[in-house]
Amino acid sequence: MKSSLMRKTTMRYVAGATAMAASLSLVACGGGGEKASGDFDGEVKVGILHSRSGTMAISENTVAEAELMAIEEINAKGGITIEGKKLKIVPVEEDGASDWPTFAEKAKKLIDQDQVAVVFGGWTSASRKAMLPVFEAKDHFLFYPIQYEGQECSKNIFYSGATPNQQAEPAVSWLLKNKGKDFFLVGSDYVYPRTANTIMKEQLKAEGGNLVGEDYLPLGNTEVAPIIAKIKQALPKGGVIVNTLNGDSNVAFFKQMQAAGITPANGYAIMSFSIAEEEVAAIGPEYLEGTYAAWNFFQSLDTPASKEFTKNFKAKYGENRVTNDPAESAYNMIYLWAAGAEKANSVDNSAVRKALIGVTFDAPQGKIEVQPNHHTTELVMIGEVQKDGMFKIIENQGVVKPIAWNQFVPETKGYTCDWTQDRPDAGKFKM
Amino acid sequence: MTALYDTLFNGLAIGSVLMLAALGLAVVFGLMGVINMAHGELMMLGAYTTFVVQNLLKNGPLSGLFPIYLLIAIPIAFLVSGLAGLLLEKTVIRRLYGRPLETLLATWGVSLILQQFVRSVSTAFFAGLLLAVLLGLLAPRLTPQIWWQKRWAPLLGVGGWVLAGALGIGLASALGSVRALDQPWFSARNIDVTAPQWLRGSIDLAGVTMPTGRLFIIALTAIALVAVNWFLQKSVWGIRIRAVTQNRPMSSCLGIPTQKVDALTFLVGSGLAGVAGVAVTLLGSVGPNLGGNYIVDCFMVVVLGGVGKLLGTVVAALGIGILSYVLGSGSLLLLWPTMPAGLNETITFFATTSMAKVLVFVLIVVFLQFRPAGLFPQKGRMVEA
């Protein structure tokens, strides 16, 4: 591990300095030298496929780091045991470069060339949608760690992040009960916010809420004056704002909202679905204090398992780093896969996929279990941003089972997914 | 009436950000005809300068100055971005005058380098880079003069740089093994620039909520505009710049040092980008990709206004600002409540920020079809065009 870290650092300098000083061709490839450990009887390769460059790198680095940490921990305890043999998990890293076709291409490479047993990867729904056909065509195996909009249930994908009924829906119900009936929805203009808001609109209809407006900001846009004007017009005396903006736009949104007086102190309850500890630090807690977020894990979760996870992460990657829900979810999926492989007594991807259903893991958030619809149970919590950038957990709704096909949306109402059933349409059939 | 004031204020607010961001480009692109794709990254350098100034003043002996750190950051950002622009002009752009396509590609490359630079820069990296650049520049003096007259002298030049680069990488790697020196200064993550308290509130006037941050930007834009106008119209160097813009060979014949004029123009334009960088920290996020969010809008303003005219930039920026606010916020419905039903629905359809942006672009494209030279075309004879 050390040597590969060193190599990466050196490579970074090489990349920077080559561009700067135009001194090419001196890059000595520092490969090899990986010592064969005597404690293992063999190896199993797994793919790690996240954006390590480009706009998504900020978020996805943390996720990849959590995955590498889990692999290291498992190896330190002797790897995974298959047919009495101890196997070392060897990660093969690829860079999706924040570019969705690249994800599909690298997934192909990991499967065909590196012959990995499983791929852990993706962040944006767009990257998952790009990889899905690859994994289905090759009947291979992807583990996806991020909370997403649902409406998908692939035989070849396991989802360790929250579905809407494990994040957005309980949050909306909680807001309706405690914070008001008038909702304004703001999101980035792409698949996750649009789908999540469609679900929320149906839920508001069903549960007696009132949609007063919605708006979408192009990714990367920082001018939110028109949105603020609309919010003030629709909610002059306060109300609920649900924010599914992604990335940089959040900073602009909160900075300008505060300046315009749309703050928790003035009666606005603001709930975000893409802001975790890492994003709070980047935006600045001064702007976010008093707003809410719904997640399955918070760094402030006061359990021994949670503290242990955060302690190890900081020890490995630096004291100033924070853990968050996506990192926890990514960490969990490595352990889930390892447990599934040991249960199947094989690393063959179809055997592991079958064995995984019903597998449990004592995650940092608490015990989680893989369900027949390839999603996991999750602890649902709502937190409030504090001055120090951490969340105070103000609501704990307990462990919730995942629902892949949304029951609020008319098109998917009544449908379910169950891969334990032997039927051709197990991914989506009428209950 | 409030709706009208509200629209005017917000339009002015959006327009002034565009204007401030485009002002530097109006100088560089408008006067010199240099398509500088790295303009956004020069803004980013300004924003990072603000971050550094903020952190220096937050604690320590000078913390009394913290409330006005933004004002202190403005001249420093002007200098940092201006010097970066000057370096860019001396090393890259100077060699490419009169070749707009090559300039475009080269400055695009520079913008990528600058982005990666702020991501990767650490003490070790910086030391290595400094060593490489110094050695590379000094190589001709450190080697026997006679070598440089040989047939293989060009190879020597390349070899010198390669060797300097290798030594730089070596130093960076060696220093990088010390963890403290290897820590990136900024890293790829976005950084947190928090406006001082007095710029985070708002003032209510005639029923319109005016965020103080926006008022600050409007004032800064006005001052920058007046200063640039004075500089170009009244100062000696400004007059020389305009002379060179109109007729370079003639100016040269009359004894105007055109190379110095080019360098100065670029320094001023880049410095203005730095000032704009300080201003946008009040509104949005600060990260390596900051420049990309503004560069298209900047070119849009300059082209719409008419290349080479400051007045055009002003009118275009305000026009785009008001238009995108009116369309995006749907406030046209408020201003004109008795609108016919068909129009009403069309307006509502475009009343989201994404759609408003689309519509603004469409309108600009249509406008440029009829007035390709922009709102205020440059009149008179141009030698270089």
Side-chain angles (χ1 to χ4, degrees), chain A residues 6 9-10 12-27 53-55 57-59 61 186 189 213-218 220-230 232-233 247-253 255-256 258-261 278-279 281-287 318, chain B residues 6 10 13-14 17 112-113 116-117 120 124-125 128-129 132-133 136 161-162 164-166 168-169 172-173 176-177 182 188-195 199-202 209 211-214 280 282-287 289 292-293 324-325 327-331 334 351-354 356-357:
Chain A
M6 288 276 294
T9 335
T10 323
R12 211 173 66 219
Y13 292 129
V14 171
T18 338
M20 287 290 181
S23 61
L24 291 153
S25 80
L26 266 159
V27 187
S53 58
T55 47
I58 299 166
S59 305
N61 272 332
V186 182
D189 206 353
E214 64 176 312
D215 205 340
Y216 298 92
L217 206 61
N221 199 326
T222 53
E223 189 53 80
V224 292
I227 294 189
I228 286 173
K230 273 195 230 171
K232 294 203 109 171
Q233 206 177 302
D248 291 0
S249 303
N250 269 311
V251 188
F253 183 64
K255 279 189 178 179
Q256 295 178 39
Q258 190 182 61
E278 183 113 11
E279 287 77 21
I283 298 170
E286 300 88 346
Y287 294 107
Chain B
D6 202 47
N10 279 298
I14 299 177
V17 176
L112 296 180
I113 291 173
Q116 194 55 44
F117 175 75
S120 317
F125 181 96
L129 183 70
V133 170
W161 275 106
V162 169
I169 293 170
S173 296
S177 57
D182 189 37
R189 290 179 168 71
N190 283 4
I191 51 174
D192 169 22
V193 182
T194 306
L199 284 173
R200 279 158 57 188
S202 56
T209 311
T212 43
R214 292 286 194 175
V280 298
L282 288 173
L283 299 177
S285 63
V286 180
N289 302 323
N293 298 336
S324 50
Y325 178 78
L327 293 172
S329 70
S331 61
L334 285 180
T352 70
T353 315
S354 304
K357 192 147 197 171

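All chains are named by letter (A, B, ...) in the order of the sequence lines, taking the proteins before the strands, and each is independently numbered beginning at 1. These numbers come from a predicted model, not from an experiment.
- Side-chain N or O atoms of D215(A) include one that pairs as donor or acceptor with a backbone N or O of T353(B) at under 3.5 Å.
- Rounding to the nearest 0.5 Å places OG of S59(A) at 7.0 Å from CD of E278(A).
- For Y325(B), the side chain to side chain donor-acceptor pair (under 3.5 Å) criterion is met by D6(B), N10(B), not counting sequence neighbours.
- Looking at E279(A), there are no atoms closer than 4.5 Å to chain B (heavy atoms on both sides), in backbone or side chain.
- L112(B) does not touch chain A: none of its heavy atoms, backbone or side chain, sits under 4.5 Å away.
- Note: L283(B) leads T352(B), T209(B), L283(B) in heavy-atom pairs under 4.5 Å with chain A.
- Between chain B and the residues G284(A), P218(A), G261(A), the most heavy-atom pairs under 4.5 angstrom are made by P218(A).
- Contact count versus chain A (heavy atoms, under 4.5 Å) is highest, among A195(B), A356(B), A13(B), G328(B), for G328(B).
- Of the possible polar contacts, one joining the Q258(A) side chain to the E286(A) backbone as a donor-acceptor pair under 3.5 Å is found.
- Using a 4.5 Å cut-off between heavy atoms, L217(A) contacts chain B through both its backbone and its side chain.
- Heavy-atom pairs under 4.5 Å with chain A were tallied for I191(B), N293(B), T194(B); the largest tally goes to T194(B).
- Taking L199(B), T212(B), V193(B) one by one and counting their heavy-atom pairs under 4.5 Å with chain A, the maximum is reached by V193(B).
- Proximity of a side-chain donor or acceptor of Q256(A) to a complementary backbone N or O of T222(A) within less than 3.5 Å is detected.
- Listed by chain and residue number, nothing satisfies the salt bridge (Lys or Arg N to Asp or Glu O under 4.0 Å) test with K255(A) (two or more places apart in sequence, or in another chain).
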